[in-house]
> 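Quick one: the structure is below, questions incoming.
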Number of protein chains: 2
Amino acid sequence: MNNPTEYQADILKALGQPTRLKIVEFLRDGERCVCEIFPAIGEEQSNTSRHLNMLQASGILSRRKDGLKIYYAIKHPEVMAIVDLSRQIMVQEITGKNLLLQAV
Amino acid sequence: MNNPTEYQADILKALGQPTRLKIVEFLRDGERCVCEIFPAIGEEQSNTSRHLNMLQASGILSRRKDGLKIYYAIKHPEVMAIVDLSRQIMVQEITGKNLLLQAV
DNA sequence: TGCTTATATGACTATACAATCATATAGACA
DNA sequence: TGTCTATATGATTGTATAGTCATATAAGCA
């Protein structure tokens, strides 16, 4: 995080990983504790914990403690907008490639 | 690229790297050849070429050949929207941290 | 106090990535 | 044909990352 470009890249890099993308998608509807998140995405607790920590460190998620449980939530609405836009790009790319395949 | 989530993550990962973010930002105003790009972002030609190749492979950039030169351009308007949103998140994060610092 | 549950972390391994240097390819043109 | 220019690529190196297993921490409760 030495300069703005690196900071900005870190935010996008945090989202650019399948496990973390699954976490963010699962949190779309609101905050959840770790004990709900890791079974939902099918990853180990320790691995999920690391990714959650990274998402929080890069400003994607907020963290709230309640007794034993720790609740994570999407911190900025812009996060879901980015996720949705990247899916749009994916869909357009896949559609384009299928059209190419059909043309063969 | 085995499943949609990985595909989507690859798009975001492609944007989540400082050198590639600089390339995309430089292409905001329109297509440019490699010979314009690498001096503008201050990276070596070979390194720039690799990043351009990756950005094209992940569907971020389009590529056009004209004689000796190869022109790259932003392929989807959603790309710049993502870049702008990620900067908004960064600004909010930095602002929030500065407020915290002032409170100390 | 001791036990249980929820979450985090240390140590490790395998893999991926960015950058560099040298070199290859491919098109333009004399 | 030979030379020049633009771009890509092979080989290599150092570093970062994801995932796993075992263990630590910390809060709640009997």
Side-chain angles (χ1 to χ4, degrees), chain A residues 1-3 5-27 31-73 75, chain B residues 1-3 5-27 31-73 75:
Chain A
M1 278 190 229
N2 304 319
N3 62 69
T5 304
E6 272 187 47
Y7 198 123
Q8 192 176 358
D10 276 349
I11 291 169
L12 291 164
K13 188 165 65 178
L15 293 170
Q17 204 279 339
T19 303
R20 291 193 291 271
L21 207 47
K22 278 188 267 177
I23 290 174
V24 167
E25 194 62 58
F26 180 65
L27 293 176
E31 70 169 14
R32 303 275 183 168
C33 67
V34 184
C35 59
E36 294 172 295
I37 297 170
F38 80 85
I41 65 170
E43 291 289 332
E44 288 211 358
Q45 181 269 323
S46 63
N47 191 30
T48 305
S49 175
R50 282 184 214 282
H51 284 299
L52 285 168
N53 194 55
M54 188 193 162
L55 285 165
Q56 198 263 345
S58 55
I60 306 284
L61 302 184
S62 63
R63 176 191 261 148
R64 183 176 72 83
K65 212 171 186 173
D66 182 12
L68 269 184
K69 297 185 178 178
I70 301 202
Y71 289 86
Y72 286 91
K75 193 169 172 187
Chain B
M1 280 189 229
N2 304 318
N3 63 67
T5 305
E6 271 187 46
Y7 198 125
Q8 191 177 359
D10 276 349
I11 291 169
L12 290 165
K13 188 165 64 179
L15 293 170
Q17 204 279 339
T19 303
R20 292 193 289 271
L21 207 49
K22 278 188 268 177
I23 290 174
V24 166
E25 195 62 58
F26 180 65
L27 293 176
E31 70 168 15
R32 302 275 183 168
C33 67
V34 184
C35 59
E36 293 172 295
I37 298 170
F38 80 85
I41 65 169
E43 290 290 331
E44 288 211 358
Q45 180 270 322
S46 61
N47 191 29
T48 306
S49 175
R50 282 183 214 283
H51 284 299
L52 286 168
N53 193 55
M54 187 194 162
L55 285 165
Q56 198 264 343
S58 56
I60 306 284
L61 300 184
S62 63
R63 174 191 260 148
R64 184 177 72 82
K65 212 170 185 173
D66 184 12
L68 271 184
K69 297 185 178 178
I70 301 202
Y71 289 86
Y72 286 90
K75 193 169 174 188

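Side-chain atoms are counted along with the backbone in the values below, which use heavy atoms only and exclude waters and symmetry mates. Convention: sequence-line order gives letters A, B, ...; per-chain numbering from 1.
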> Give the rounded distance in Å between these two atoms: CG of A:Asp66 and P of D:dA27.
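Taking atom P of D:dA27 as the reference, CG of A:Asp66 is at 12 Å.
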> How many angstroms lie between atom OG1 of B:Thr19 and atom NZ of B:Lys22, to the nearest 0.5 angstrom?
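One finds 5.0 Å between OG1 of B:Thr19 and NZ of B:Lys22.
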> Among A:Lys75, A:Arg64, A:Arg63, exactly one meets salt bridge (Lys or Arg N to Asp or Glu O under 4.0 Å) together with A:Glu31. Which residue is that?
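So the option named by the test is A:Arg64.
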> Could you tell me how far apart A:Lys13 (NZ) and D:dA18 (C1') are, to the nearest whole angstrom?
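One finds 13 Å between C1' of D:dA18 and NZ of A:Lys13, rounded.
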> Does A:Arg50 make a side-chain donor-acceptor contact with the base of D:dT17, cut-off 3.5 Å?
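Counting by modelled atom types and ignoring angles, no donor-acceptor contact under 3.5 Å is found here.
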> If the cut-off is 4.0 Å, is A:Lys65 near the phosphate of D:dA26, judged by side-chain N/O to OP1 or OP2?
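Looking at the OP1 and OP2 atoms of D:dA26, neither is under 4.0 Å from any side-chain N or O of A:Lys65.
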> B:Phe38 CZ to C:dT20 C1': how many Å, rounded?
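So the two atoms are 14 Å apart, to the nearest Å.
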> Does a distance-only test, which skips hydrogens and angles, find a donor-acceptor pair under 3.5 Å between the side chain of B:Gln45 and the base of D:dA8?
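Flag set: donor-acceptor pair detected.
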> Nearest-Å distance, CG (A:Asn47) to C1' (C:dA14)?
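Going from CG in A:Asn47 over to C1' in C:dA14 covers 14 Å.
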> Both A:Met54 and A:Leu68 contact DNA chain D. Which one's nearest nucleotide lies toward the 5' end?
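Going by which nucleotide is closer to the 5' end, it is A:Met54.
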> Any side-chain to backbone donor/acceptor pair from B:Glu6 onto B:Asn3? Under 3.5 Å, distance only.
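Flag not set: sc B:Glu6 to bb B:Asn3 has no pair under 3.5 Å.
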> Could you check how far CD1 of B:Ile23 sits from P of D:dT7, rounded to whole Å?
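It works out to 13 Å between those atoms.
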> From the options C:dT9, C:dA22, C:dA8, select the nucleotide whose nearest atom is closest to the side chain of A:Val34.
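Of the candidates, C:dA8 comes closest.
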> Taking only the side-chain nitrogens and oxygens of A:Arg63, find out if one of them lies under 4.0 Å from OP1 or OP2 of C:dA8.
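Answer yes for this pair, as a side-chain N or O of A:Arg63 is under 4.0 Å from OP1 or OP2.
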> If the cut-off is 4.0 Å, is A:His51 near the phosphate of D:dT17, judged by side-chain N/O to OP1 or OP2?
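No, outside the criterion.
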> Side-chain contact test, heavy atoms from C-beta onward, threshold under 4.5 Å: evaluate it for B:Glu43 versus B:His51 and give yes or no.
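Heavy-atom side-chain distance check fails, nothing below 4.5 Å.
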> Roughly how many Å is it from CG in A:Leu55 to C1' in D:dT17, rounded to a whole number?
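That distance rounds to 14 Å.
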> For D:dA8, take OP1 and OP2 only and decide whether either is under 4.0 Å from a side-chain N or O of B:Tyr72.
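Answer is yes, contact under 4.0 Å.
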> Using a 4.5 Å cut-off on heavy atoms from C-beta on, say whether the side chain of B:Gln45 contacts that of B:Thr48.
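No, side chains not in contact.
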> Specify the separation, in whole Å, of atom CD of A:Glu43 and atom P of D:dC21.
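Between P of D:dC21 and CD of A:Glu43: 12 Å.
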> Between atom CG in B:Asp10 and atom P in C:dA16, what is the gap in whole Å?
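Atom-to-atom, B:Asp10 to C:dA16, this comes out as 12 Å.
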> OP1 or OP2 of D:dG28 sitting under 4.0 Å from any side-chain N/O of A:Lys69?
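Negative; the distance criterion is not met.
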> With a 4.0 Å cut-off on heavy atoms, is A:Thr19 in touch with a base, just the backbone sugar-phosphate, or nothing at all?
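The answer is sugar-phosphate, as A:Thr19 gets under 4.0 Å only of primed atoms, P, OP1 or OP2.
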> Side chain of B:Cys33 only, heavy atoms from C-beta on: which candidate in D:dT7, C:dA18, D:dA18 is closest?
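Minimum distance to the B:Cys33 side chain belongs to D:dT7.
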